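I have placed the structure first, in the form of structure tokens, so that the comments after it can refer back to it.
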Amino acid sequence: MSKAGALDLASGVGGKIDKTEVLSAVEKYEKYHVCYGGEEEARKSNYTDMVNKYYDLVTSFYEYGWGESFHFAPRWKGESLRESIKRHEHFLALQLGLKPGQKVLDVGCGIGGPLREIARFSSASITGLNNNEYQITRGKELNRIVGVDKTCNFVKADFMKLPFSENSFDAVYAIEATCHAPDAYGCYKEIYRVLKPGQCFAAYEWCMTDAFHPNNQEHQKIKAEIEIGDGLPDIRLTGKCLEALKQAGFEVIWENDLAVDSPQPWYLPLDKSRISFSSFRLTAVGRFITKNMVKALEFVGLAPPGSQRVQDFLEKAAEGLVEGGKREIFTPMYFFLARKPLSESQ
């Protein structure tokens, strides 16, 4: 698990964006969202620009706080955050039945933390798909360091328009990534197209649960905080994901919100009432230290102008995620395993 230092965080803010343009990018990104008067349709129609700006701005913060795998996990008592993240990745690989030499697609792979872990766990050959150049560059470097660069690679592309021929992959998975898609059906249909008949697609989706009430202003505020803090055009209900899967042609083998039966709350690493030394940077004290460190680094010119603003909307996201989790109106781990039929008539 990589742990970027303070200077890595400072130098990485903005990703491929010119450092003199980071503040402008932050302002443009913020305007997409409800808190700043943005509209859902604008976020959906401009999702490529919005999501790219988001990951250019936040990737170094994510790696500083989370390591290489930017996702949550159900957690047992006595289990560290890193252990739970690994187990979550292994669980997905086991559900797909991954085997040595299989050709697998990771849709929305980030900097490739899960890709590397699953590749070493299963000996499968994994292609990571990502539309953000900065994350791909970072992922390639980390693949080379751990020695999976010969069997795993990255492709820069939009997951709404996959650059692969039909029936190309033995398995496809997505970990908290396809929530960025403006249209679940369109995304799942593309995955269906490139998956071999009889093979499976598994994912962890970010969703609003059935406890979410659209007319509840507090619920809407929490949803908006998660959307701006996590680069989302919208957050779908679990039922909408299920509906889109079936519409795309998949047979749903099983699905469940894994947050419901988690022995410890999935949002525990971000909860301000808790202190942890193993994931200290994610705690309230750790985030307070990071905020002031970023402020100081920006003041002395080591971090570009706008870095504090990025930290601010990430903090807003953390608050929304914790509240959404406590009220059980949001889950980052709606899991499903779906199969592409052997023939279209099945």
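Given the structure is predicted, the values throughout are model-derived calculations rather than measurements.
Of the N and O atoms on the side chains of Glu83 and Trp76, not one donor lies less than 3.5 Å from an acceptor on the other residue. A donor-acceptor contact under 3.5 angstrom links the side chains of Asn52 and Asn132, judged on distance only. Gln220 and His213 form no side-chain donor-acceptor contact under 3.5 Å, judged by distance and modelled atom types alone. The closest side-chain donor-acceptor pair between Thr178 and Glu205 falls under 3.5 angstrom. Between the side chains of Thr59 and Gln135, a donor-acceptor pair is found at a separation under 3.5 Å. No side-chain donor-acceptor contact under 3.5 Å links Gln199 and Asp170.
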Q.
Determine whether Trp206 and Tyr334 satisfy the following criterion, ring pair (Phe, Tyr, Trp, His ring centres under 6.0 Å), listing intermediate values before the conclusion.
A. CA-CA 7 Å; Trp206 280 35; Tyr334 175 60; over 10 Å; no
Q) Step by step, would you call Phe169 with Phe164 a ring pair (Phe, Tyr, Trp, His ring centres under 6.0 Å)? A) CA-CA 9 Å; Phe169 293 95; Phe164 309 110; 5.0 Å; yes
**Q.** Steps toward side-chain hydrogen bond (donor to acceptor under 3.5 Å, both in side chains) verdict (Tyr32, Asp49)
**A.** CA-CA 10 Å; Tyr32 281 121; Asp49 178 66; 2.6 Å; yes
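Of the candidates Leu245, Leu242, Leu337, Leu245 is the only one forming a side-chain contact (heavy atoms from CB on, under 4.5 Å) with Phe250. Screening Phe72, Trp266, Phe212 for a ring pair (Phe, Tyr, Trp, His ring centres under 6.0 Å) with Phe330, the sole residue that qualifies is Trp266.
Under the 4.0 Å criterion applied to side-chain N and carboxylate O atoms, Lys44 and Glu40 are assigned as salt-bridge partners.
For the side-chain hydrogen bond (donor to acceptor under 3.5 Å, both in side chains) condition, the pairs that include at least one residue of residues 144-155, sequence neighbours left out, are Thr127-Asn153.
A cation-pi arrangement is found for Lys189 relative to Tyr192, the charged atom lying closer than 6.0 Å to the ring centre and inside a 45° cone about the ring normal.
Partners of Glu328 under the side chain to side chain contact (heavy atoms under 4.5 Å, CB included) rule, at least two apart in sequence or in another chain, do not exist in this structure.
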